[in-house]
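What you see is a predicted model, and the numbers here were worked out from it, not measured in a lab. Chain A is the first sequence line, chain B the second, and so forth, proteins listed ahead of strands; every chain is numbered from 1.
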Protein chains: 2
Amino acid sequence: MKKYLQIYRDLLSDIQSKKYQEGDLLPSDTKLVMQYTVSRETVRRAIKLLFDEGYIQTIRGKGSIVLNSDRVTFPFSRIESYKELVANNHLYSENDILQMTDHVDVPANLLFGAPALKAQRIVRRRVVNQVPTIIDYDYINEEVAANIPKQAALNSLFYYFEHDLGLKINYAIKHITVESADYDDLKYLDIDKHVPILVVRSETRLSDNRILSYTESRHRADKFSSVEFARRHE
Amino acid sequence: MKKYLQIYRDLLSDIQSKKYQEGDLLPSDTKLVMQYTVSRETVRRAIKLLFDEGYIQTIRGKGSIVLNSDRVTFPFSRIESYKELVANNHLYSENDILQMTDHVDVPANLLFGAPALKAQRIVRRRVVNQVPTIIDYDYINEEVAANIPKQAALNSLFYYFEHDLGLKINYAIKHITVESADYDDLKYLDIDKHVPILVVRSETRLSDNRILSYTESRHRADKFSSVEFARRHE
DNA sequence: GAGTGGTCTAGACCACGTT
DNA sequence: ACGTGGTCTAGACCACTCG
């Protein structure tokens with residue numbers, strides 16, 4: 001077990017359980033060094049992680065202040081599976097599989113500079129609190145994963161990729177726009193044609209930089225909300 | 001000058017100038033240690049920064065691969081001033097000041113757990129490539145900055161805060177939704193009432209955790225596009 | 001086996017805030 | 001003056017990729 005991750009998780013869990021509340025100071029570097037009997041750089045790695053993810057604010061000469069981190073909902077700047085999203089936000093949700101097709105072409109112009117690929121196409125609808133809210137079109141690179149079982153698509157593709165196939169998902173490039181509803185949006189989301197659609201098109205890559213999938217996620221914009229933590233650089 | 005930042009900037013500039021192209025390997029840690037005559041941890045700080053911001057992918061046993069980073073446009077996960085946005089995207093843009101008012105109340109329910117504050121209200125319109133595209137409502141905390149000159153609002157509030165006032169901007173919490181156009185949207189953006197508005201409401205904080213401002217940024221959604229780099233955690 | 005990145009140590013000096 | 005976080009050093013061992 002990586003030591004800095006253990007310290008990070010311990011502190012994070014204390015923040016999330018409100019043991020440390022907004023405005024509180026975390027234990028100082030020195031205290032954590034003694035408590036965990038590790039070197040200071042190791043402690044600082046854990047602190048840096050909490051800082052990067054917006055859980056704390058570090059102030060020199062003072063300490064590490066806990067910030068308000070009660071912000072979830074649909075994230076742009078991290079990869080989260082729909083299943084995780086539902087769990088984190090305590091939603092009630094159901095999935096339909098609308099289609100599963102093999103050997104579909106994904107043309108290069110949909111991807112961010114990557115060559116075209118053969119994929120398995122999976123179309124799913126997410127029903128949140130009884131309301132049809134999202135249609136996901138997933139194109140899974142057949143060179144990475146083929147013949148995906150229906151049950152994996154019903155449960156969570158990411159869970160299947162990570163736990164069953166042992167794939168390491170690394171990053172995605174997401175393109176966000178707002179568009180008009182198309183025929184299938186009207187049909188499957190049961191909306192009026194004036195309801196806008198927030199569209200997230202993303203290309204997901206593995207740790208070895210292979211393309212795992214291209215996904216188009218179409219959200220009823222009137223049901224959409226996102227909270228992001230943004231830092232100022234340099 | 002911080003050594004790791006110098007190394008970071010040198011490498012970043014080589015990436016952006018295409019000296020290192022997509023798929024190329026950066027010099028190894030060992031080479032950078034020799035080149036800059038610094039310790040390895042210092043090199044690794046620079047590499048970690050490039051990794052965190054999505055410029056490279058590190059692969060153990062192999063090296064640091066340069067990724068495609070031709071993605072700009074409106075960012076959610078970083079704080080960027082409108083002026084910087086325009087420069088990075090090579091847009092042609094003009095600003096109108098629609099209103100400047102002193103001593104406006106910002107009620108606590110607009111903020112993320114912070115108490116209400118007195119602010120200077122600045123309303124501006126951004127005209128991008130001749131098209132009125134964004135209306136920004138800024139509420140600047142009067143305890144931090146008061147009597148902001150008109151010229152600062154015309155040029156860049158962030159530039160004024162950072163360079164003229166010496167303030168250190170740290171982070172923001174942004175709330176993103178899609179809404180219908182209101183009366184002022186129709187009037188100042190000159191749009192049809194069916195054009196949706198992408199709304200970003202954000203609370204910006206300084207390094208000492210004081211609130212700098214609350215901002216509501218209303219974008220013509222049909223002109224909006226954003227590209228985000230997202231990582232998978234744990 | 002040689003080279004790569006990932007983690008860790010035990011020190012050190014500095015800038016800053018509080019007392 | 002003292003405690004805090006920020007940076008840096010000169011080592012070390014490990015897991016991994018590649019020829």
Side-chain angles (χ1 to χ4, degrees), chain A residues 1-11 20 23-52 54-67 166-168 170-171 206-210 231-234, chain B residues 1-11 20 23-52 54-67 166-168 170-171 206-210 231-234:
Chain A
M1 172 47 107
K2 293 167 198 164
K3 296 184 183 180
Y4 80 97
L5 271 185
Q6 188 55 55
I7 301 172
Y8 163 77
R9 287 189 181 127
D10 288 352
L11 291 172
Y20 300 120
D24 287 358
L25 291 176
L26 290 186
S28 70
D29 289 3
T30 319
K31 282 191 187 122
L32 290 169
V33 162
M34 292 187 300
Q35 181 180 335
Y36 285 92
T37 54
V38 294
S39 74
R40 180 149 171 254
E41 283 292 350
T42 300
V43 165
R44 297 207 44 67
R45 251 171 234 220
I47 295 292
K48 180 69 163 43
L49 248 185
L50 291 168
F51 173 87
D52 284 346
Y55 292 108
I56 62 172
Q57 170 67 11
T58 56
I59 300 182
R60 207 205 305 249
K62 199 165 174 187
S64 303
I65 297 181
V66 176
L67 300 178
L167 297 174
K168 286 188 183 154
N170 194 286
Y171 71 91
L206 300 172
S207 288
D208 58 12
N209 218 24
R210 283 184 298 164
R231 285 223 179 256
R232 178 72 172 158
H233 290 292
E234 69 212 273
Chain B
M1 172 46 111
K2 292 168 197 163
K3 297 185 183 180
Y4 80 97
L5 270 185
Q6 188 57 55
I7 302 172
Y8 163 77
R9 286 186 182 133
D10 289 351
L11 292 172
Y20 301 120
D24 287 357
L25 291 176
L26 290 187
S28 71
D29 290 3
T30 319
K31 283 191 186 120
L32 290 170
V33 163
M34 291 187 299
Q35 181 180 333
Y36 285 92
T37 54
V38 293
S39 74
R40 183 154 169 249
E41 283 290 351
T42 301
V43 164
R44 296 203 47 65
R45 253 171 232 221
I47 295 292
K48 180 70 164 38
L49 248 184
L50 290 168
F51 173 87
D52 283 346
Y55 292 108
I56 61 172
Q57 170 66 12
T58 55
I59 300 183
R60 207 204 306 245
K62 201 166 174 187
S64 303
I65 298 180
V66 175
L67 300 178
L167 298 174
K168 288 189 183 155
N170 194 288
Y171 70 91
L206 300 172
S207 290
D208 58 12
N209 219 25
R210 281 183 300 163
R231 288 224 178 254
R232 178 72 170 157
H233 290 292
E234 64 210 279

Rounded interatomic separation in angstrom, taking CZ from B:Arg45 and P from C:dG5
18 Å
Which whole-number value in Å describes the distance from B:Ile56 CD1 to C:dT4 C1'?
13 Å
Can you tell me the distance, in whole Å, between the CG atom of A:Asp208 and the P atom of C:dT4?
20 Å
Just by distance, do the side chain of B:Arg45 and the backbone of B:Ile7 share a donor-acceptor pair under 3.5 Å?
no
Once you round it to whole Å, what is the distance between C1' of D:dC16 and CD1 of B:Ile65?
14 Å
Whichever of B:Leu5 and A:Ile59 has its nearest DNA chain D nucleotide further upstream toward 5'
A:Ile59
When you check the phosphate oxygens OP1 and OP2 of D:dC8, does a side-chain N or O of B:Tyr4 lie under 4.0 Å from one of them?
no
Any side-chain N or O of A:Thr30 under 4.0 Å from OP1/OP2 of D:dT4?
yes
Are the side chain of A:Gln57 and the backbone N or O of B:Ser207 linked by a donor-acceptor pair below 3.5 Å?
yes
If you assign A:Ile47 and A:Lys168 each to the DNA chain D nucleotide with the nearest heavy atom, which residue ends up on the more 5' nucleotide?
A:Ile47
Take atom CG of A:Leu32 and atom C1' of C:dA10, then tell me their distance rounded to the nearest Å.
17 Å
Select from A:Gly61 and B:Gly63 the residue whose nearest nucleotide in DNA chain C is closer to the 5' end of that strand.
B:Gly63
Quick one: is B:Thr58 getting a side-chain N or O under 4.0 Å of the C:dG6 phosphate, OP1 or OP2?
yes
If you compare every side-chain N and O of B:Lys62 against the phosphate oxygens of D:dC16 (OP1, OP2), does one of them come in below 4.0 Å?
no
Distance below 4.0 Å between B:Lys3 side-chain N/O and D:dT9 OP1 or OP2:
yes
Would you kindly check whether a donor in the side chain of A:Arg60 faces an acceptor in the base of D:dG3, or vice versa, at under 3.5 angstrom?
no
So does B:Ser28 get a side-chain nitrogen or oxygen closer than 4.0 Å to the phosphate oxygens (OP1/OP2) of C:dT4?
yes
